[in-house]
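Position 1 is the first residue of the sequence; numbering continues from there.
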Amino acid sequence: MPTANTILSSTPALRALAALGIEVTLHPYAYDPKAEATGLQAAEALGIDPAVMLKTLMVEVDGKPACCVIPSDRQLSMKKVAAAFGAKSAAMMPAPKAEKLTGYHVGGISPFGQKRAVPTAVEASACTAPRVWINAGQRGLLLSLPPEAALHALAARSLPLIA
């Protein structure tokens, strides 16, 4: 059985947050690889409102990588994503490319501690909650923290991103 310290140092996301002195609460859950929507499955497993259970989506804006963090029950508006990053176009990044860029597997992609830092935006509506839940860098493990702490850790902006 892993100790709290083992878990805290177990993913690049958790190590990155610890290095910044940001305290998080960990929430392990039974990951279902067959789930159609991983974020919604996680929210249901933990009894969390999908509006504060955030999913990490890797995108390409004018061909360059970027990261969007939005509520698990919502979809990105590519028009808003392009505008958020000052680009002309935006598209979802193919899963193999997202895994290579971030160092995480789909279903466990965290915006924290990615192999390569990319511009990041968090959906503005999620930033009004006292806490948000975000993938901790592995399938079946979430972390929760205040949205201001997430924005600080990611050097991210709070912007409208959803359809």
Side-chain angles (χ1 to χ4, degrees), residues 7 10-14 16-17 22-61 65-85 90-99 101-114 117-163:
I7 291 174
S10 67
T11 71
L14 295 171
L17 290 164
I22 295 175
E23 291 188 28
V24 300
T25 304
L26 295 178
H27 306 273
Y29 70 98
Y31 174 78
D32 179 1
K34 295 180 185 121
E36 223 173 275
T38 307
L40 291 177
Q41 185 260 325
E44 186 176 321
L46 292 169
I48 299 167
D49 179 353
V52 294
M53 171 58 239
L54 307 183
K55 59 185 174 183
T56 305
L57 301 173
M58 300 306 294
V59 297
E60 293 178 323
V61 288
C67 179
C68 295
V69 183
I70 68 169
S72 61
D73 61 346
R74 303 301 299 267
Q75 299 296 318
L76 279 177
S77 159
M78 289 303 165
K79 187 175 183 179
K80 288 180 182 176
V81 170
F85 292 100
M92 289 301 298
M93 184 180 289
K97 191 172 182 179
E99 289 182 338
L101 180 81
T102 64
Y104 297 119
H105 294 291
V106 169
I109 293 179
S110 177
F112 308 107
Q114 294 185 1
V118 298
T120 302
V122 179
E123 166 55 35
S125 65
C127 293
T128 61
R131 286 187 88 73
V132 292
W133 281 253
I134 302 173
N135 196 288
Q138 71 184 40
R139 295 170 178 162
L141 184 62
L142 299 176
L143 59 84
S144 65
L145 74 173
E148 308 79 46
L151 290 168
H152 170 72
L154 296 166
R157 294 180 299 154
S158 168
L159 297 163
L161 301 169
I162 56 177

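- Annotation: the span from Ile22 atom CD1 to Leu14 atom CG amounts to 11.5 Å, rounded to 0.5 Å.
- Between Leu161 and Ser77, the closest side-chain pair of non-hydrogen atoms is not below 4.5 Å.
- Among pairs with a residue in residues 34-61, those fulfilling side-chain hydrogen bond (donor to acceptor under 3.5 Å, both in side chains) read Glu60-Lys97, at least two apart in sequence or across chains.
- Scored by the side chain to side chain donor-acceptor pair (under 3.5 Å) test, Thr128 finds no partners at all (sequence neighbours excluded).
- Ser72 places none of its side-chain heavy atoms less than 4.5 Å from the side chain of Trp133.
- The side-chain heavy atoms of Phe112 and Leu143, taken from C-beta on, include a pair separated by under 4.5 Å.
- Taking 4.5 Å as the limit, every side-chain heavy atom of Pro147 sits out of range of all side-chain heavy atoms of Val122.
- For the pair Ile70 and Leu54, the minimum side-chain heavy-atom distance is 4.5 Å or more.
- Considering only heavy atoms from C-beta on, Ser110 stays 4.5 Å or farther from Thr11 through its side chain.
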Exercise for the section: Before giving the answer on side chain to side chain contact (heavy atoms under 4.5 Å, CB included), spell out for Met93 and Val59 the whole-Å C-alpha distance, their side-chain angles and the decisive distance to 0.1 Å. Expected result: CA-CA 5 Å; Met93 184 180 289; Val59 297; 5.6 Å; no
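- Minimum heavy-atom separation, Val106 to Glu99: N-OE2, 2.8 Å.
- When side chains are defined from C-beta on, Leu40 does not count as touching Met53, because their heavy atoms never get closer than 4.5 Å.
- Remark: Arg139 CZ to Asp32 CG distance equals 11.5 Å, nearest 0.5 Å.
- Two residues are said to be in side-chain contact when any heavy atoms from C-beta on lie closer than 4.5 Å; Arg131 and Val52 fail this criterion.
- Atom CG of residue Leu141 and atom NE2 of residue His27 lie 9.0 Å apart, to the nearest 0.5 angstrom.
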